[in-house]
Asker: 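Please see the structure below; I have some questions.
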2 protein chains.
Amino acid sequence: MRTLRADARRSREQIVQAAETAFRRYGADASLEAIAKDAGVGSATLHRHFRSRRQLAEAVFQERTEAVAAVADRLKAEREPGPALVHWLRAALEYAVANRGLVMTLLPPSDEDTATKVCGHQILAAAADSLLSAAQAAGAVRADVTVADTLALVNAMSLLAEQDATADVHHLLELAITGIGPSPSGPGSSRPAAGEMPRT
Amino acid sequence: MRTLRADARRSREQIVQAAETAFRRYGADASLEAIAKDAGVGSATLHRHFRSRRQLAEAVFQERTEAVAAVADRLKAEREPGPALVHWLRAALEYAVANRGLVMTLLPPSDEDTATKVCGHQILAAAADSLLSAAQAAGAVRADVTVADTLALVNAMSLLAEQDATADVHHLLELAITGIGPSPSGPGSSRPAAGEMPRT
DNA sequence: ACCTGAACACCGTTCAAGT
DNA sequence: ACCTGAACACCGTTCAAGT
């Protein structure tokens, strides 16, 4: 895979570009055959370069996923541990809903996929791990929350966004973060505002 | 639709039964053609009775969805408003993850579907509405939580369950309910246990 | 009125044949 | 080494023809 002949390299790049457009236009279920045609290659060529729909999606989104992971480092330096995690989760969701087809790469890979390549899931899991550990060490996040939980939360909202355009997934993420318990000023409330989980 | 000739009625019933098996076995994407074949009818017959995959799913799951809605009435009578809503959300999620293909009927219907029939979404929305109003009136749930939010939460977790077998969706729902803020005994915590949102 | 079988337009995967 | 075009097995939708 490292040393690709010039024409093969070009085929691959054209496929990825066509796929990017197709995913944006038609979502995760975009026709692979149409992508191959758009790229000006045969469908067999597409399948040689990308054994699965997911591998193609990984190639399309890898760079931007790494950029989101990089945001974690910045937040970790600039914010308190709790807010850093919260901000990053919001950013990750924003990124996921803005890129149709992306969530495919954020789900835990199946067994065959595991061996092959880097995937969006592991890139973001590493980023989340660092933020979550710090937040939990600072006592800003419950100890029973796992890295898998944080990513799964983003994935659940992303999947919903693809299926239900009316859903306010950002609001739902806030609920998951702050809980749906009574607000501080509500009647009968016994739960204060979550100072560690600021709105902005 | 009310007065169906005997043979048509039998066709319809066989299709629904075959679909129930197929959804359980293959999930929401089960082949409609295979369902028709299993039912011993032509695919055109299936399409006459059910104009869309969703309409077929509605027929398969309607009874059980109504049973879940009925649970809401029982909980409303037996529990305090806050716990009643929480328990019902858990029950709804359990029901959704236990029945592959069901979540299709719980998503808000698209415009064409709206006019046609009762759907799982509106059945559960009515049930959730009653519980949520009471819980909010009692101050047990934040005022900015909508009926759509509660159902969307269940739907998001259901969709995730279908895509990610490793996800602990029940744990995620608990997070959404109680928040991922610091636990009462955690260091630096300023948030007490949510008395209105008991674990059981 | 309701059904069937067939036709249609699509899809992803694979393989033999080319350069 | 890499590609193409074609073949294969599938899918959902629709329609003409039957009873």
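Protein chains get the first letters and strands the later ones, always in sequence-line order, with residue 1 at the start of each.
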Asker: Rounded to whole angstroms, how far apart are CD1 on B:I35 and C1' on D:dC10?
Answerer: 15 Å
Asker: How would you list, by chain and number, every residue that makes a side-chain hydrogen bond (donor to acceptor under 3.5 Å, both in side chains) with A:Q14, sequence neighbours excluded?
Answerer: none
Asker: Using a 4.0 Å heavy-atom cut-off across all strands, classify A:A30 as base, sugar-phosphate, or nothing.
Answerer: sugar-phosphate
Asker: Find the distance B:F50:CZ to D:dG12:P and express it as a whole number of Å.
Answerer: 15 Å
Asker: Mind calculating the distance between CZ (A:R12) and C1' (D:dA1) to the nearest angstrom?
Answerer: 16 Å
Asker: By the side chain to side chain donor-acceptor pair (under 3.5 Å) test, which pairs, at least two apart or in different chains, include something from residues 19-30 of chain A?
Answerer: A:E20-A:R64
Asker: Specify the separation, in whole Å, of atom CD of B:E13 and atom P of C:dC2.
Answerer: 16 Å
Asker: For B:H49 and C:dC2, is the shortest distance between a side-chain N/O and OP1 or OP2 below 4.0 Å?
Answerer: no
Asker: List the steps and the verdict of salt bridge (charged side-chain N to carboxylate O under 4.0 Å, His left out) for A:R74 and A:E78.
Answerer: CA-CA 6 Å; A:R74 185 166 59 74; A:E78 293 179 3; 3.6 Å; yes
Asker: Any stems for DNA chain C, made of 3 or more Watson-Crick or G-U pairs in a row, each with both distances under 3.5 Å?
Answerer: C:4-8 with D:12-16, C:12-16 with D:4-8
Asker: If the condition is side-chain hydrogen bond (donor to acceptor under 3.5 Å, both in side chains), which residues does B:S11 pass it with, not counting sequence neighbours?
Answerer: none
Asker: So A:S31, base contact, sugar-phosphate only, or nothing? Heavy-atom distance under 4.0 Å.
Answerer: sugar-phosphate
Asker: Any ion pair linking B:E58 and B:R54 (charged N to carboxylate O, less than 4.0 Å)?
Answerer: yes
Asker: Could you walk me through whether A:R142 and B:T178 pass the side-chain hydrogen bond (donor to acceptor under 3.5 Å, both in side chains) check?
Answerer: CA-CA 10 Å; A:R142 270 164 44 177; B:T178 63; 2.5 Å; yes
Asker: Grab the CG-C1' distance between A:L56 and C:dG12 for me, whole Å please.
Answerer: 13 Å
Asker: Which whole-number value in Å describes the distance from B:Q14 CD to C:dC2 C1'?
Answerer: 14 Å
Asker: Given atom CG of A:D29 and atom P of D:dC11, what is their separation to the nearest angstrom?
Answerer: 16 Å
Asker: Could you grab the distance from atom CG of B:L56 to atom CZ of B:R51, nearest 0.5 Å is fine?
Answerer: 14.0 Å
Asker: What pairs meet the side chain to side chain donor-acceptor pair (under 3.5 Å) rule with one or both residues in residues 151-170 of chain A, with sequence neighbours excluded?
Answerer: A:D164-A:T166
Asker: Over how many whole Å does the gap from B:L46 atom CG to C:dC2 atom P extend?
Answerer: 16 Å
Asker: Should A:L85 and A:V141 be marked as a side chain to side chain contact (heavy atoms under 4.5 Å, CB included) after you check the CA-CA gap, both sets of side-chain angles, and the distance that decides it?
Answerer: CA-CA 9 Å; A:L85 175 63; A:V141 169; 3.8 Å; yes
Asker: Tabulate protein N/O versus nucleotide N/O from nucleotides 13-18 of chain D, keeping only pairs under 3.5 Å, one per line.
Answerer:
from	atom 1	to	atom 2	distance (Å)
D:dT13	OP2	B:H47	NE2	2.1

